[in-house]
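What follows is a short report on a single structure.
Throughout, protein chains are lettered first and strands after them, A, B, ... in sequence-line order, and every chain is numbered starting at 1.
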2 protein chains.
Amino acid sequence: MSDTDRLPTWCAGNNWCAITATASLVGKKWHPVIIDRLLRNGALGFNDLQTEVDGISSKVLSESLDDLEEKRLVNRDVVNDKPVRVEYSLTELGESLEPVVRSLAEWGQKHLEPAEDESASLV
Amino acid sequence: MSDTDRLPTWCAGNNWCAITATASLVGKKWHPVIIDRLLRNGALGFNDLQTEVDGISSKVLSESLDDLEEKRLVNRDVVNDKPVRVEYSLTELGESLEPVVRSLAEWGQKHLEPAEDESASLV
DNA sequence: CGGTATCCTCATTGATACTG
DNA sequence: CAGTATCAATGAGGATACCG
């Protein structure tokens, strides 16, 4: 019931529907970071991932991972039973987000960072 | 003080800093739609914009516009004094977001929409 | 026309603690 | 190691009404 508003009814056939939907994916604060980490490092365990992201609580990481898994962007593989060892990795769909993430990163690097501090020239 | 966490300290020199910053821009639910509308239509008045977006309240539109203006993505021009006539348009910086928005849209169209409903063929 | 002002609800985050 | 449980705090989003 709560997921009926995921794709609003006014999201007819126009492409900003896809924009909104995608933005709600990568705009979830931690999602792009997690995806980035996974793109860079490949498979990571839960705590490794938490260390990599640095600043996220285990609860939020767990929820984010659930969300990303549900959306088929990450795989969760139990690679060992005892002691428990889990590895998170990107699915093909998740990896297909790379250009999107890169586009975000490039725009941000080009337009956002210099705006905050004009005293330093480009490195 | 509350804006000290806009760019978290752990956002060192890695590019996911830019990712996060950009994602927080275009991930604001209505922002990408507004930008899309402005990209398509050019300059729009407040109420026109509200009609275009369809579903946004004047309060949220107003706040979004403030936010976008503050980030130098949209211009607010008073083109007439009495009666008041205001036009919102994208700045160059705002227009430079087009590839980002397109990248979001393309990914969403390619990967998101077919997954939700496989019964209907493309229109 | 172009907004503000309230007030309210719900989603998201986060800290801390605890478990298999 | 890999999470879940709880609870508090924050804030974005929305409905409605009103103002210059």
Side-chain angles (χ1 to χ4, degrees), chain A residues 1-11 20 23-34 37-38 43-71 74-89, chain B residues 1-6 8-10 20 23-34 37-38 43-71 74-89:
Chain A
M1 43 209 68
S2 63
D3 59 2
T4 54
D5 56 352
R6 271 187 181 164
L7 289 180
T9 56
W10 39 265
C11 179
T20 303
S24 78
L25 267 186
V26 296
K28 294 226 73 173
K29 180 162 190 180
W30 293 110
H31 287 203
V33 187
I34 293 169
R37 285 321 185 188
L38 257 21
L44 285 174
F46 187 88
N47 285 320
D48 292 336
L49 198 46
Q50 188 175 4
T51 304
E52 282 292 328
V53 172
D54 189 26
I56 196 172
S57 70
S58 59
K59 178 202 156 200
V60 175
L61 178 56
S62 180
E63 285 172 355
S64 303
L65 253 13
D66 281 352
D67 192 33
L68 289 167
E69 206 187 337
E70 195 180 304
K71 278 155 181 156
V74 310
N75 286 316
R76 179 183 182 277
D77 296 308
V78 181
V79 295
N80 197 0
D81 242 24
K82 171 140 176 107
V84 197
R85 171 72 191 173
V86 179
E87 278 190 347
Y88 291 94
S89 56
Chain B
M1 41 211 66
S2 64
D3 60 0
T4 54
D5 57 352
R6 271 187 182 165
T9 56
W10 39 265
T20 302
S24 79
L25 267 185
V26 295
K28 294 226 73 175
K29 179 162 190 178
W30 292 110
H31 287 203
V33 187
I34 294 170
R37 285 322 186 188
L38 256 21
L44 285 174
F46 187 88
N47 285 320
D48 293 336
L49 198 46
Q50 187 175 4
T51 304
E52 281 293 327
V53 171
D54 189 27
I56 196 172
S57 70
S58 60
K59 177 204 157 199
V60 174
L61 178 57
S62 180
E63 285 172 354
S64 303
L65 253 12
D66 282 351
D67 192 33
L68 289 168
E69 205 187 337
E70 195 180 302
K71 278 153 182 158
V74 310
N75 286 316
R76 180 182 181 276
D77 296 308
V78 181
V79 294
N80 197 359
D81 242 23
K82 171 137 176 103
V84 197
R85 172 72 191 173
V86 179
E87 278 189 348
Y88 291 94
S89 56

Rounding to a whole Å, what distance do you find between [X]:[atom1] and [N]:[atom2]?
{"X": "B:Ile34", "N": "D:dA12", "atom1": "CD1", "atom2": "P", "value": "14 Å"}
{"X": "A:Leu68", "N": "D:dG3", "atom1": "CG", "atom2": "P", "value": "13 Å"}
{"X": "A:Lys28", "N": "D:dA12", "atom1": "NZ", "atom2": "P", "value": "14 Å"}
{"X": "A:Asp66", "N": "C:dT12", "atom1": "CG", "atom2": "C1'", "value": "15 Å"}
{"X": "A:Asp67", "N": "C:dA11", "atom1": "CG", "atom2": "C1'", "value": "12 Å"}
{"X": "A:Gln50", "N": "D:dG3", "atom1": "CD", "atom2": "P", "value": "11 Å"}
{"X": "B:Glu63", "N": "C:dG2", "atom1": "CD", "atom2": "P", "value": "18 Å"}
{"X": "A:Asp77", "N": "D:dG3", "atom1": "CG", "atom2": "P", "value": "11 Å"}

Check your understanding: Which angle, rounded to 10°, do you find between the first-five-pair axis and the last-five-pair axis of the helix from C:dC1-D:dG20 to C:dG20-D:dC1?
Key -> 50°
Just N and O in the side chain of [X]: are any of them under 4.0 Å from OP1 or OP2 of [N]?
{"X": "B:Tyr88", "N": "C:dC1", "answer": "no"}
{"X": "B:Lys29", "N": "D:dG14", "answer": "yes"}
{"X": "B:Arg76", "N": "C:dG2", "answer": "no"}
{"X": "B:Ser62", "N": "C:dT4", "answer": "yes"}
{"X": "A:Lys82", "N": "D:dA2", "answer": "no"}
{"X": "B:Trp30", "N": "D:dA12", "answer": "no"}

Please output the side-chain donor-acceptor pairs of residues 55-64 of chain A that fall under 3.5 Å, not counting sequence neighbours, one pair per line with the distance.
from	atom 1	to	atom 2	distance (Å)
A:Ser57	OG	A:Val60	N	3.3
A:Ser64	OG	A:Val60	O	2.7

Which distance, rounded to the nearest 0.5 Å, do you find between the [atom1] of [X] and the [atom2] of [Y]?
{"X": "A:Leu38", "Y": "A:Glu87", "atom1": "CG", "atom2": "CD", "answer": "10.0 Å"}
{"X": "A:Arg76", "Y": "A:Asp66", "atom1": "CZ", "atom2": "CG", "answer": "8.5 Å"}
{"X": "B:His31", "Y": "A:Thr20", "atom1": "NE2", "atom2": "OG1", "answer": "12.0 Å"}

Review point. Side chain of A:Val86: nearest nucleotide among C:dG2, D:dG3, D:dA12?
Key: D:dG3
Revision key, fill the gap. The nucleotide from D:dC1, D:dA12, C:dC1 with an atom nearest the side chain of A:Asn47 is D:dC1
Which heavy atom of [X] sits nearest a heavy atom of [Y], and at what distance?
{"X": "B:Glu52", "Y": "B:Arg37", "answer": "O-NE, 3.5 Å"}
{"X": "B:Ser89", "Y": "B:Asp77", "answer": "OG-OD2, 4.0 Å"}
{"X": "B:Leu65", "Y": "B:Val74", "answer": "O-CG2, 4.1 Å"}
{"X": "B:Lys28", "Y": "B:Leu25", "answer": "CG-O, 3.6 Å"}

Point to revise | Under the salt bridge (Lys or Arg N to Asp or Glu O under 4.0 Å) test, residues paired with A:Asp48 that sit two or more places apart | key: A:Arg85
Review point. What string of B, S and - do you get for nucleotides 15-20 of chain C, 5' to 3', if B is base contact, S is sugar-phosphate-only contact and - is no contact with any protein heavy atom under 4.0 Å?
Key: B-B---
